[in-house]
Amino acid sequence: MLRLSQLYTRTRKEVSEADPSRNAQLLTKAGFVSRLMAGAYTFQPLGLRVLHKIEQIIREEMDAVGANEVLMPALQPRDVWDATGRWDNVDVLFKLKGAGDRDLCLGPTHEEVVTPLVTQYIHSYRDLPQAVYQIQTKFRNEARAKSGLLRGREFRMKDMYSFHATLSDLDVFYERATTAYHRVYERLGIGDRTLLTYASGGMFSKYSHEFQTLTEYGEDTVYRIPGTKAAINKEIIGDQDALAGIIPGYKPGMEKEFEEVRAIEVGNIFKLSTRFSDAIGAKYMDEQGKPQSIFMGCYGIGPSRILGTIVEVLADDKGLIWPEAVAPYRLHVVSLVREAAELAASEPIVKQLQAAGLEVLWDDRVGFSAGEKFKDADLIGCPHRIVISAKTLAAGQVEYKARQDETAEMLTVEALLGRLSA
RNA sequence: CGGAGUGUAGCUCAGCCCGGUAGAGCACUUGCUUCGGGAGCAAGGGGUCGUGGGUUCGAAUCCCGCCACUCCGACCA
């Protein structure tokens, strides 16, 4: 339970237009984040809770596919990047000088670290497959940071890497990871509008897959395959050979009928094949005792970007609206009081709700008008709200309203608990 | 990497074109009133106007340099 009287952040009525994206405007107004510079934000108490909940859901689903969580250094030496040839080829790499003029960088991704790390323990086909992941702050020196949390130079990322003896084993795991990703978006409350999108595979494989969440505020354009929850990325919509390989029963030109939609990329998975294991010399012994290259896959998802995406997709003109699973608190309790002594009447109710296991944000502030408290509740966006006032206390009830509802209703605390546990 | 802007009170901004003792709203302090959808009135505190130089009797305002920041576009394994 958090008392608003003890929260150091405040909501703001106005925020600078210098950071104009919808997610930045609302999150800043509500006090969830604070911008330090373009592309770098502080997560304040309420925002941090949401971020942690998003990360925990991702963590649970990665654990469920058998991956091990680790935490690798963000600070990395040049030599591992030279080994894969990427020191001079990744233009978003943040480079810096360490003691003794040593070349270092901040990790934009971790193939260079994870491959030698994991293959310390992989010697035989018996040691495969394996998968590890981490949830960590990543750094990318983007030519231009923009769109609030959607494109930062410092951002949170879950990156998982899988290791396999064969391509077919990679394929199997890749499918499982895809399913896990769908579960993540489902739990995050954006599953119904997140499309599996075919994208170019770059240099490592034929295709990669993006997860694209539909919203008119999106920066990406994708082409939805009619009647499916799948889409084609802009990069390959013009490639008929690729389309024929992806879409069953494809007929040339049919892609012109596909709906063009705006979306935000909320995940990206790749088959790396042996690109990194070969560069680093990561091999295992097969059944015949012959060294073989390890096949790899990588699976990225950005919790901070997802936080911004949820705002873009679900917020309304009154403020934020959080899905149950990631709301900073499920229930916002507004006590309408004129003096601190009147809070005593709310306290047993708040305690009862808390005892029932509800996460409660309690507006116990004194000297704030009812209107101000209601505006704050709408802006902060907890999915459920109750009001405790002289009026409701006299009736032995509380006034309940869901965030997205227009009207409130009177309920007993027991009825409320029944409602919220359902 | 192109293009366009901005820097004035804790925050959001006006004032600059046309030089003449620094402004508003919000926030904050005090008092009175108000009290279920961002209350009202009154009083008050708070700024070397990013920075260095120049022009001028006089510069937030005009000129030159510097610093910092931002937006739009390109880019985005």
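Bear in mind that the values here come from a model prediction, so they are computed numbers and not experimental data. To find a chain, count down the sequence lines: A is the first, B the second, and so on, and within it residues start at 1.
- The distance between atom CD of A/Glu235 and atom C1' of B/A77, rounded to the nearest whole Å, is 10 Å.
- Rounding to whole angstrom units, CD1 of residue A/Ile264 and P of B/C76 are separated by 19 Å.
- Taking for each of A/Met37 and A/Asn89 the nucleotide of RNA chain B with the nearest heavy atom, the 5'-most of the two is the partner of A/Met37.
- To the nearest angstrom, P of B/A27 lies 10 Å from CZ of A/Arg10.
- The P atoms of B/A9 and B/A14 are separated by 12 Å, rounded to the nearest whole Å.
- B/U8 and B/U34 have their C1' atoms separated by 35 Å, with the value rounded to a whole Å.
- Distance A/His110 NE2 to B/A77 P: 18 Å, rounded to the nearest Å.
- Centroid-to-centroid, the aromatic rings of A/Tyr121 and A/Phe163 stay 6.0 Å apart or farther.
- Of the C1' atoms belonging to B/G37 and B/C69, the separation is 37 Å, rounded to the nearest Å.
- The distance between the ring centers of A/His182 and A/Phe211 falls below 6.0 angstrom.
- Pairing for B/U55 is absent, judged as Watson-Crick or G-U wobble with the two contacts each under 3.5 Å.
- In this structure B/C1 sits in a base pair with B/G73, meeting the Watson-Crick or G-U test at under 3.5 Å.
- The ring-ring contact (aromatic ring centres under 6.0 Å, His included) search around A/Phe295 returns none, not counting sequence neighbours.
- Within residues 147-169 of chain A, the residues having any heavy atom closer than 4.0 Å to RNA chain B are, in order of number, A/Arg151.
- Nearest heavy atoms, A/Asp316 versus A/Arg22: N-NH2, 3.9 Å.
- Going from atom CG of A/Asp91 over to atom P of B/C75 covers 12 Å, rounded to whole Å.
- Taking the side chain as every heavy atom from C-beta outward, A/Tyr207 and A/Lys271 never approach each other to under 4.5 Å.
- Taking atom C1' on both B/G15 and B/A60, the two are 8 Å apart, rounded to the nearest angstrom.
- Summarising the geometry, the separation between CD on A/Glu142 and P on B/C71 is reported as 13 Å, rounded to the nearest angstrom.
- Within a 6.0 Å radius of NZ in A/Lys283, other residues, nucleotides and ligands contribute more than 12 heavy atoms.
- For A/Lys95 and A/Trp87, the positive end sits near the middle of the six-membered ring, less than 6.0 Å away and at most 45° from its axis.
- Across all strands shown, B/U30 is found opposite B/A42 as a Watson-Crick or G-U wobble partner, with both distances under 3.5 Å.
- Taking the ring centre of A/Tyr329 as origin, the terminal cationic atom of A/Arg49 falls inside the region bounded by 6.0 Å and 45° from the ring axis.
- The separation between A/Asp220 atom CG and B/C76 atom P is 11 Å, rounded to whole Å.
- Minimum heavy-atom separation, A/Lys401 to A/Glu406: CD-O, 4.1 Å.
- Taking atom C1' on both nucleotides, B/U70 is separated from B/G58 by 34 Å, rounded to a whole Å.
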Check: What is the per-nucleotide protein-contact pattern of nucleotides 34-44 of chain B, from the 5' end, where B denotes a base atom under 4.0 Å from a protein heavy atom, S denotes such proximity for sugar-phosphate atoms only, and - denotes neither?
Finding: -BBBBS-----
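- B/G73 and B/A39 have their C1' atoms separated by 46 Å, with the value rounded to a whole Å.
- In the set B/C71, B/C75, B/U12, the nucleotide with an atom closest to the side chain of A/Ala143 is B/C75.
- The pairing partner recorded for B/U6 is B/A68, the criterion being a Watson-Crick or G-U wobble arrangement whose two distances lie under 3.5 angstrom.
- Evaluated for a side chain to side chain donor-acceptor pair (under 3.5 Å) with A/Gln56, the options A/His52, A/Glu60, A/Lys53 yield exactly one hit, A/Glu60.
- The partner of B/C35 is absent, by the rule that a Watson-Crick or G-U pair needs both atom distances under 3.5 Å.
- The listed nucleotides are B/A77, B/C71, B/G73; the one nearest the side chain of A/Lys146 is B/G73.
- Of the P atoms belonging to B/G38 and B/U48, the separation is 36 Å, rounded to the nearest Å.
- Shown here, B/U21 forms no base pair; nothing in the strands shown gives a Watson-Crick or G-U wobble contact with both key distances under 3.5 Å.
- Going from the P atom of B/C13 to that of B/C71 covers 13 Å, rounded to whole Å.
- With no hydrogens or angles considered, no side-chain donor-acceptor pair links A/Gln25 and A/Asp19 at under 3.5 Å.
- Going from atom NZ of A/Lys234 over to atom C1' of B/C76 covers 12 Å, rounded to whole Å.
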